[in-house]
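These values consider heavy atoms only, across backbone and side chains, with no hydrogens, waters or symmetry-generated copies. Proteins get letters first, then strands, A, B, ... in listed order; numbering begins at 1 in each.
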There are 2 protein chains.
Amino acid sequence: MTGAVTRPMRADGRRNRQRVLEAAAALLAERGLKVQIEEIAQRAGVGVGTVCRNFSTKEALIDTVLAGMCEEMLEQARVAQADPDAGHAFTSFVANVADFQARHRVLAEEMATTVDMPTGAVKIKRALRHAVEDLVARAQDAGALRADIGPADLAMLFAGIGHAAALAGVDSVLRQRYLTVVLDGLRPIHPTPLPGIPLGFEELDRLRARGRRTAARVGGHRGDALEGPT
Amino acid sequence: MTGAVTRPMRADGRRNRQRVLEAAAALLAERGLKVQIEEIAQRAGVGVGTVCRNFSTKEALIDTVLAGMCEEMLEQARVAQADPDAGHAFTSFVANVADFQARHRVLAEEMATTVDMPTGAVKIKRALRHAVEDLVARAQDAGALRADIGPADLAMLFAGIGHAAALAGVDSVLRQRYLTVVLDGLRPIHPTPLPGIPLGFEELDRLRARGRRTAARVGGHRGDALEGPT
DNA sequence: GCACAACCGGGAGCATAGTTCCGCTTATAG
DNA sequence: CTATAAGCGGAACTATGCTCCCGGTTGTGC
């Protein structure tokens, strides 16, 4: 499958690649998509050429980083699935994802502006979806989650929470506040029925495929502008 | 006060300026911040030169558009304030803002990525803040809104909702779903107390000022993220 | 109707950021 | 130890998009 058999790749090369990946992850986490290749190279202690040799394009690099993050999330989903208390499994998973998003600004941005999952992360993505479907279904069976919510609804809400979390930045207390509000809204005791029907991942995909065309990977370049409706 | 008295500005010039503003608003709404000046010019039926003469820079143009949007929001806040039912006033205002954000992708994006308020919209912003504070306080007095929420908390949640709404795109039903979830979470009947204290606008400002340039320097703080309510 | 200057269009110029290329360095095999 | 080529750095190249400018057009006052 790999060319590794014929040529094991030089040791220092492999090390550098790893350092680039780490530097990229760190910078993407704290600065978002607008980091420059040169910065990443500098942080990794290599030249830009090295970065570009390992990752033919900036997008490829970002995709690789994101794929790693997806794997991490999947792992958290697995942990949650192992929890015998379905309600707790669900809330803790949601909390972990929100926390994760807050720490990794890129992810939040990605989920915000675009939608394609990158690279060969397709497999991971599918696994993640199944895990989420399972967590949702079990939480609903256990009466810990309102029944009119679908797994993809959750994905959308994740995006929203992650967004608020990103704004809250380092303040984990604020993050918890908003997470709690949403979780309260997801409890089954609520009188207000949701309009429409629970959203599945297929519908979400269809919806996104349609609504996109404006989604670019490396979005706005501008640094500053406006504040909210405060 | 203005120089308008002495020099009425040529009629066609004024008309063109207006058309540019409208084109910009439309394109920003549907495509976000990454629209190009040239596109705007084309849509307005003028040359790029005309755009740049009226608005010295792209940012200035966007700021102007945003200022207009803020005014619109303020108007909606006023309408809500006129409602004698404090609870209904609150929910309808929130719904309007979410809807507004969904229709104007820029606003959502702006709220997402940046924070500085542009232009001389400062006055409008202040008025908007006071209106929101009033709406929140009255809703809480009326027992329609949980007491441990501050007006700035709301601003943060707005951002989250707006984000989810932007993802939902044109689908207003989906928008309604997520809005309902959050509104349910904001009801006062909830058992889960929110951590921290209600967020005021001053704290929000401070937080934002800090968190912006000082990028979230988040190492791996503890392994266990947020805990589910109970 | 005429003169003046405000306004217009769109191409040239400039800044930014990603990608490519090439001569030098250095790990690795024999 | 030497030969070889993988890997390295960073300058040059390229592409994109905002801003400025100039020659022509057109509204406006007389």
Side-chain angles (χ1 to χ4, degrees), chain A residues 2-24 27-28 31-65 106 109 114 118 214-225, chain B residues 2-24 27-28 31-65 106 109 113 118:
Chain A
T2 74
V5 183
T6 61
R7 189 79 30 190
M9 191 183 188
R10 242 165 69 171
D12 59 339
R14 189 168 278 286
R15 200 176 337 127
N16 273 333
R17 183 190 163 92
Q18 191 55 31
R19 293 180 66 166
V20 168
L21 225 35
E22 280 160 20
L27 283 170
L28 284 169
R31 310 257 310 268
L33 286 172
K34 64 176 180 297
V35 285
Q36 287 161 231
I37 297 254
E38 204 171 329
E39 285 179 283
I40 294 173
Q42 198 168 346
R43 172 97 150 219
V46 303
V48 283
T50 302
V51 175
C52 291
R53 203 169 331 102
N54 279 287
F55 306 94
S56 54
T57 174
K58 183 182 181 181
E59 188 172 343
L61 169 58
I62 294 176
D63 282 354
T64 307
V65 172
V106 229
E109 281 183 36
T114 92
T214 77
R217 271 240 124 81
V218 188
H221 35 73
R222 215 151 61 86
D224 60 347
Chain B
T2 75
V5 182
T6 63
R7 218 168 327 103
M9 189 182 186
R10 240 166 70 171
D12 60 338
R14 188 171 279 285
R15 200 175 340 124
N16 273 333
R17 183 191 163 92
Q18 191 55 32
R19 294 179 65 170
V20 167
L21 225 35
E22 279 160 21
L27 283 171
L28 284 169
R31 311 258 311 266
L33 285 174
K34 65 180 183 303
V35 284
Q36 285 161 232
I37 298 255
E38 205 171 327
E39 284 179 284
I40 295 173
Q42 197 168 346
R43 172 96 150 221
V46 302
V48 283
T50 302
V51 175
C52 290
R53 204 171 328 103
N54 279 289
F55 306 93
S56 55
T57 174
K58 183 183 179 182
E59 189 172 342
L61 170 58
I62 293 176
D63 283 355
T64 307
V65 172
V106 229
E109 279 184 37
T113 58

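Across all non-hydrogen atoms, the minimal contact from B/E38 to B/V48 is CA-CG1, 3.6 Å. A/L28 and A/L33 get closest at one heavy-atom pair: CD2-CA, 4.2 Å. Residues A/I40 and A/A23 approach most closely at O-CB, 3.8 Å, considering heavy atoms.
Atom-to-atom, CD of A/Q36 to C1' of D/dT16 comes out at 15 Å; the value is rounded to the nearest Å. Atom P of nucleotide C/dT26 and atom CZ of A/R15 are separated by 13 Å, given to the nearest angstrom. Regarding B/E38, its CD atom lies at a distance of 9 Å from the C1' atom of C/dG10, rounded to whole Å. Distance, A/R14 CZ to C/dA27 P: 17 Å, rounded to whole Å. Remark: C1' of C/dG18 and CD1 of A/I62 are 11 Å apart, rounded to the nearest angstrom. D/dT16 atom P lies 18 Å from atom CD1 of B/I37, rounded to whole Å. Taking atom CD1 of A/I40 as the reference point, atom P of D/dG10 lies 17 Å away to the nearest angstrom. Distance, A/R19 CZ to D/dG9 P: 10 Å, rounded to whole Å.
Here A/G13 lies in heavy-atom contact (under 4.0 Å) with sugar-phosphate atoms only.
In terms of phosphate contacts, A/T50 brings a side-chain nitrogen or oxygen within less than 4.0 Å of OP1 or OP2 of D/dG9. One finds no side-chain N or O of B/R10 lying less than 4.0 angstrom from the OP1 or OP2 phosphate oxygen of C/dA5. A close approach under 4.0 Å does not occur between any side-chain nitrogen or oxygen of B/N16 and OP1 or OP2 of C/dC7. Here B/T57 reaches the OP1 or OP2 of D/dT19: one of its side-chain N or O atoms lies under 4.0 Å away.
Remark: A/Q42 CD is loosely packed, at most 12 non-hydrogen atoms of other residues, nucleotides or ligands lying under 6.0 Å away. In the displayed structure, A/R19 atom CZ is contacted under 6.0 Å by at most 12 heavy atoms of other residues, nucleotides or ligands.
Between B/A11 and A/V48, the residue anchored closer to the 5' end of DNA chain D is A/V48, taking for each the nucleotide with the nearest heavy atom.
In the set D/dT19, C/dC7, C/dC8, C/dC8 carries the atom at the smallest distance from any side-chain atom of B/N54. Distance from the side chain of A/R53 is smallest for D/dG7 among the nucleotides D/dG17, D/dG7, C/dC7. The side chain of A/C52 has C/dT19 as its nearest neighbour among C/dT19, D/dT19, D/dG9.
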